[in-house]
K.L.:
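Before we start, here is the structure in question, set down as structure tokens.
Every value quoted in this text rests on a predicted model; they were computed, and no experiment measured them. Residue numbers start from 1 in every chain, and the chains themselves are labelled A, B, ... in the order their sequence lines are given, proteins ahead of strands.
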2 protein chains.
Amino acid sequence: MEYTVQKLGKLAGISTRTLRYYDEIGILKPARINSSGYRIYGQKEVDRLQQILFYRELGVSLKNIKDIILSPSFDRVEALKQHHIRLLEKKKQLETLIINVEKSIAMSEGRVKMSDQEKFEGFKQKLIDENEEKYGKEVREKYGDEVVDKSNAHLKNMSKEDYERIQTLSVQIDEALTEAFKTGDPAGSMGQKVAELHKQWISLCWGHYNKEAHAGVAQMYVDDERFTLYYDKEQPGRAEFLRDAILIYTGMSK
Amino acid sequence: MEYTVQKLGKLAGISTRTLRYYDEIGILKPARINSSGYRIYGQKEVDRLQQILFYRELGVSLKNIKDIILSPSFDRVEALKQHHIRLLEKKKQLETLIINVEKSIAMSEGRVKMSDQEKFEGFKQKLIDENEEKYGKEVREKYGDEVVDKSNAHLKNMSKEDYERIQTLSVQIDEALTEAFKTGDPAGSMGQKVAELHKQWISLCWGHYNKEAHAGVAQMYVDDERFTLYYDKEQPGRAEFLRDAILIYTGMSK
DNA sequence: GTTACACCTTTACGTAACGTCAATGTCAAC
DNA sequence: GTTGACATTGACGTTACGTAAAGGTGTAAC
């Protein structure tokens, strides 16, 4: 497939000026120029533009993006995996900010108190962005590990496999819950599958398992707003669904 | 509490230049200027800065932010509720982008195919930002109530007093935890006071009490990142402290 | 008592990543 | 053969600060 400036711009959601600018600074040159002087982009350019936008989204300057993707040692897949990690971090920060705004509302309504410090939680992604600017390859390798280390901080007493298993389970629970929620039946096979996954997750976290505690935690998913907020983010009612599924699973449903 | 430029900058994670610039364009003026010509900010300015940063995070230009917050009809709480909605939208978009990068990795490894269009899914938050620029008051009024209803959803089956008691307890636990944490001793009287308050809170939430479940929840405060994030916000280690206090309280400490 | 140092001030030029004209050429359609 | 939506290259404007430069302030230490 071949694209002119406007077509590629529409595809990627950017302006034609931006594409011309990217040509000008040499970060994304068209595959060829046709007889009338028009810029024509091909497959390779589409993929490169996607890479550029990923870096841009993460706050990397165009100058640094250029250095990175023009580097002979640039590894596309490795870069994508880095993007993945960074985007997850960004998501966490956004979640912090969402909690912040929720608390701020509660404060305005006099329901809770907030320290000045709390009022700015979730804004400081700047620090991350500034790190991003240093994104040289060596730096990347260096910080890459550090980030991993940091996120593994509370792993201390856990084997690496267990930790990874827990991470995988979290994602699986989330996905399975989304699917099961559509059925509307917490007692159904999909609902019970979620509960089963959740049991595995809890067993790993606690090192043991206990029905009553499991049921207690499930109830908390509805009662504790920090959980409710998280689970209801996409579809209101997900937290309740999860609780019901677990209560049925543990036989604690009355 | 009063702040100089640097103190406020550190608190909010922005530069002193930014604060001076905000003064210059009249979007955030200090409460007063002291005898040496220093800018001094107070409580009102802290709150306004928070508002500014919320708008900025959502891509609103400083010019528009100024028009909005200086408007006589500006409603702080209403604005916060709008931020909440926008942030949730932004989070959804981020999640789309994360799926995008995951698919891109899978594609690079030859596991799936992707259309050119799919390659740019999640980038087009631009369209949202443009809506932000129009941020009229009417729009704000339209969405406002919806959020309130949602946040009150899980209150349905609870008496008003119970609900208020739970809210009070949340705050008390938080404050008591901050105090107790300073002692460094989860087994001390202050640490055990926190655990006692937490028991009351859990009893209200669950309608019953059970030591094992209580201990399980405590363990989860450390294992589940959503909790850890919340409790460790001010001082890292608070989540662990709370867990230890409860484990001792319940006699589950080994 | 002055020296050090970490604060604060204003003034002013620099910059990144485009937006926004202006002047002009191209192509398909009616 | 003219209309209208495309494309081109300049070139200047804009936003939200960064980054000195040149100097006053406050406290602690020698």
K.L.:
Take the protein atom CG of A:L19 and the nucleotide atom P of C:dT20, then report the distance between them rounded to whole Å.
P.N.:
16 Å
K.L.:
Could you state the atom-to-atom distance from CD1 of B:I25 to C1' of D:dA16 in whole Å?
P.N.:
8 Å
K.L.:
For nucleotides 8-14 of chain D, give me one character per nucleotide, 5' to 3': B if any protein heavy atom sits under 4.0 Å from the base, S if the only such contacts are to the sugar-phosphate, - if neither.
P.N.:
BB-B---
K.L.:
Does a side-chain N or O from B:S15 land closer than 4.0 Å to OP1 or OP2 of D:dA16, or not?
P.N.:
no
K.L.:
What is the distance, rounded to the nearest whole Å, between atom CZ of B:R32 and atom P of C:dC8?
P.N.:
14 Å
K.L.:
How long is the line joining NZ of A:K10 and C1' of D:dC6, in whole Å?
P.N.:
11 Å
K.L.:
Less than 4.5 Å apart, any side-chain heavy atom of A:T16 and any of A:T4?
P.N.:
no
K.L.:
Nearest nucleotide by nearest heavy atom, which residue falls closer to the 5' end of DNA chain C, A:S35 or A:T18?
P.N.:
A:T18
K.L.:
Looking at residues at least two apart in the chain, or sitting in another chain, which of them share a salt bridge (charged side-chain N to carboxylate O under 4.0 Å, His left out) with A:R39?
P.N.:
A:D23
K.L.:
Heavy-atom distance under 4.5 Å between the side chains of B:L49 and A:F120, does that happen here?
P.N.:
yes
K.L.:
From CZ of B:R56 over to P of D:dA16, roughly how many Å is that when rounded to an integer?
P.N.:
10 Å
K.L.:
Give every pair of a protein N or O atom and an N or O atom of nucleotides 3-5 of chain D that lie under 3.5 Å apart, one pair per line with the distance.
P.N.:
none

K.L.:
Filter on salt bridge (Lys or Arg N to Asp or Glu O under 4.0 Å), then keep only pairs touching residues 44-53 of chain A, sequence neighbours left out; what's left?
P.N.:
A:D47-B:K119
K.L.:
Check salt bridge (charged side-chain N to carboxylate O under 4.0 Å, His left out) between B:R32 and all other residues, then give those that pass, not counting sequence neighbours.
P.N.:
B:E2
K.L.:
Tell me which residues in residues 40-54 of chain B lie within less than 4.0 Å of DNA chain C, going by non-hydrogen atoms.
P.N.:
none
K.L.:
Using ring pair (Phe, Tyr, Trp, His ring centres under 6.0 Å) as the criterion, list what pairs up with B:F241, not counting sequence neighbours.
P.N.:
B:F181
K.L.:
Please name all residues satisfying ring pair (Phe, Tyr, Trp, His ring centres under 6.0 Å) with B:F54, sequence neighbours left out, ordered by chain then number.
P.N.:
A:F123, B:H83
K.L.:
Report yes if at least one side-chain N or O of A:T4 is closer than 4.0 Å to OP1 or OP2 of D:dA7; otherwise report no.
P.N.:
yes
K.L.:
Write down the distance between CG (A:N34) and P (C:dT26), rounded to a whole number of angstrom.
P.N.:
11 Å
K.L.:
How many Å lie between CD on B:E24 and C1' on C:dT10, as a whole number?
P.N.:
10 Å
K.L.:
According to the side-chain hydrogen bond (donor to acceptor under 3.5 Å, both in side chains) rule, which pairs have a member within residues 97-106 of chain B, sequence neighbours left out?
P.N.:
A:Q50-B:N100, A:Q50-B:S104, A:H84-B:E102, B:N100-B:S104, B:K103-B:E118
K.L.:
Which pairs, with at least one residue in residues 6-19 of chain A and sequence neighbours excluded, count as a salt bridge (Lys or Arg N to Asp or Glu O under 4.0 Å)?
P.N.:
none
K.L.:
May I have the distance from A:K66 (atom NZ) to C:dA17 (atom P), rounded to whole angstrom?
P.N.:
12 Å
K.L.:
Please confirm whether the shortest side-chain N or O distance from B:Y22 to OP1 or OP2 of D:dC17 is below 4.0 Å.
P.N.:
yes
K.L.:
Could you work out, with salt bridge (charged side-chain N to carboxylate O under 4.0 Å, His left out) as the rule, every residue matching A:K66, not counting sequence neighbours?
P.N.:
none
K.L.:
Using the test salt bridge (charged side-chain N to carboxylate O under 4.0 Å, His left out), find all partners of B:E109 that sit at least two apart in sequence or belong to another chain.
P.N.:
A:K81, B:R111
K.L.:
Determine whether A:Y41 and A:V46 make a side-chain contact, defined as any pair of heavy atoms from C-beta on separated by less than 4.5 Å.
P.N.:
no
